[in-house]
Amino acid sequence: MESNKTVEVLYNKQILPAYYKLGIGWKGLTDIEPGQFVMLRLTGRIDPLLRRPFGVYKILGQGIEILYKVVGKGTRLMTGLRPGDMVDILGPLGNSFPNPISSPFAKEGQRGMKIIMVAGGIGIVPFYLLGVKGQWSGSRQVLLFGGMGKEDLPGLEDFKKLGINIFISTEDGSVGKKGLVTDLLKKELSKKGNYIVYACGPKGMLKEVARIADKAGVACYVSLDQVMACGMGACLGCAVKVRERKNVGQGFSPANVFYKIVCKDGPVFDAKEIDWEAI
Amino acid sequence: MGSNIKKSAVRSQKSKTTPLTPPLQKGRAGGGAPDLSVNIAGINLKNPVMTASGTFGYGEEFAPYLDLNRLGAVVVKGLSLKPRQGNPPPRIVETAAGMLNSIGLQNVGVELFVEKKLPFLKKFDTKVIVNFFGDSIDEYCEVAKVLDSAEGVAGLEMNISCPNKQEGWLEFGTNPAMTFKVVSAVRKSTKLPLIVKLSPNVTDITAIAKAAKDAGADALSLINTLSGMAVDANTRRPKLGNIIGGLSGPAIKPVALKMVWQVFKAVKLPLIGIGGIMTAEDAIEFMLVGASAIQVGTANFVEPQASIKILEGIADYFKKNKIKSVKELVGSLQV
């Protein structure tokens, strides 16, 4: 059940030049599923005005950990947070990556199912919970992690500890294979197997991932990022264009709505739904 | 029967929510709660705090976070005759102490609202004010007629000013003659109290206000968003999919205060102040310049319980300053 709380910062540590981990106390925390997010702001401030959406990276005993990248005014201010400072937090919000075993495309003999997680930079965030919580019966996982360079692979150590099979690519070749993470995906999908692809990262990457998965005839789910004001489905600001004209949106009549709302209908979408031309 | 429904709704609300702040009457020393009730356009409100259209969905989105029974009124997202898909994203961008939006009036349409959304709101002991708009005078009138026959609607708020729509109706709110024409036509289409929401994107807002009054408006609400735009210097593109949008938030409060004050002096109609209200102090400022009630807008996005916190702050201000009624404060600015 979502709630709105003012809570204490437990820690805030820089892990890479542009990346931080923020621990937040949250008593009575209910379950958070892989892919869900929270809306966060620094208590008492009206500049920045709006809360910012952050994916939940880890569930701690006493709260949650957010892994964030410094991109603008809001996240720059967040780097100054110290233990004991207060933040306002709204969540958990949104849907989550589906369990492939119970999903409609599950086939006979799911024991061979392989989940390919494709992450670009900060797009790694939803996959830690998937790695921990999502080791669904019999499925195997592989992480394809891409970034600009070795300083753009936040949380890599955490995934190594989980014992997940990891393949890395960087655009500058400073670590892993030089090139794009989508090249790794093409290679992975060329092997025989029963796959499902979960992806999170820049829009250009997601578009290419969706295209590759579609070509290979593999189910693909993407977690989208969009500017949000409320995170509660009220402002309708975080719209994304969808292809299907039927059964979309929140109670809208068919054939009249071409948008879904990322905060409420998502952030995780079947890649086939998204109108990638409009992205 | 009706009151039973309301009670059970309150209970189910409470059981679902995070701890609610106690009712105003409880735990507040001396003399009981101040009388915050106010009559606007013939609608009796238990207090002057409303939620602004487009910032509170259809009420249900906020129900997990606050007790809707405590609000003076809920003003729902603007409705058109048919459902609307809205504008291409991005639809939102934050600006200095404010935000620009170009949602494009996405809504479920008046019929689906009456069928699916209104029954939920009717369960609460708050007034439901329905914001609406049209592409043409005929459409305005048709929407008003549908709402006129819907049970549970306390009043209408007519949007003649949203800057998001690219088609010609922008001129309704920017031209006194067009304002008069469309408000007159709607006036004949409904018996419900009629509030006209004014655009700030005009040369002389008092001329539009007078036209709305002459056409039969019962009250005026102001201001709608200020037309604006945001540009990304790196990509050399507009930050909104629609290029232009409407500015709201604390940044527009001074503009809104001035316009409420101007209209208060020029037109004898109850006014509802809107524009960047984040705190009770902001709300009081609007009352001082002539607003009988206020609407909380962008603040709902920042803080889901903002409207309730503002309501509590107003009550505290009344108590502290020994103010006996809203009327006493309205337009009492010392100049």
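The sequence lines fix the lettering, A, B, ..., with proteins before strands; numbering per chain opens at 1. Reckoned from all heavy atoms, side chains included, excluding hydrogens, waters and symmetry mates.
B:M99 and A:A229 get closest at one heavy-atom pair: CE-CB, 4.0 Å.
Atoms OH and CD, on A:Y259 and B:Q85 in that order, are 5.5 Å from each other to the nearest 0.5 Å. From B:Q305, atom CD reaches atom CG of A:N4 across 4.5 Å, with rounding to the nearest 0.5 Å. To the nearest 0.5 Å, atoms SG (A:C230) and CZ (B:F62) are separated by 6.0 Å. Here CD1 of A:I46 is found 11.5 Å from OG1 of B:T298. Values are rounded to the nearest 0.5 Å.
Under the 4.5 Å side-chain criterion, counting only non-hydrogen atoms from C-beta, A:R51 is in contact with B:E303. Between B:P88 and A:K241 there is no side-chain heavy-atom pair separated by less than 4.5 Å. Here the side chains of B:Y65 and A:M232 are in contact, with some heavy-atom distance below 4.5 Å. The shortest side-chain heavy-atom distance between B:V302 and A:L49 falls under the 4.5 Å cut-off. The side-chain heavy atoms of A:C235 and B:I92, taken from C-beta on, include a pair separated by under 4.5 Å.
Chain A forms more heavy-atom pairs under 4.5 Å with one residue of B:P89, B:G54, B:G57 than with any other, namely B:P89.
Here A:Y19 pairs with A:D152 under the side-chain hydrogen bond (donor to acceptor under 3.5 Å, both in side chains) rule; sequence neighbours left out.
At a 4.5 Å heavy-atom cutoff, the contact between A:R52 and chain B is made by side-chain atoms alone. Contacts of B:K77 with chain A are made by side-chain atoms alone, with heavy-atom separations under 4.5 Å and no backbone atom involved.
Heavy-atom neighbours of B:E111 CD from other residues, nucleotides or ligands within 6.0 Å: at or below the threshold of 12. More than 12 heavy atoms of other residues, nucleotides or ligands sit less than 6.0 Å from atom CG of B:D282. For B:E281, the CD atom sits in a loose shell: 12 or fewer heavy atoms of surrounding residues, nucleotides or ligands are nearer than 6.0 Å. Atom NZ of A:K21 has more than 12 neighbouring heavy atoms from other residues, nucleotides or ligands inside a 6.0 Å radius.
Although no hydrogens or angles enter the test, the distance criterion places a donor-acceptor pair under 3.5 Å between the side chain of B:R91 and the main chain of A:L236. The main-chain N or O of A:L50 is found under 3.5 Å from a side-chain atom of B:E94 such that the two form a donor-acceptor pair. Judged purely by atom type and a 3.5 angstrom limit, A:Q226 has no side-chain atom pairing as donor or acceptor with the backbone of B:P90.
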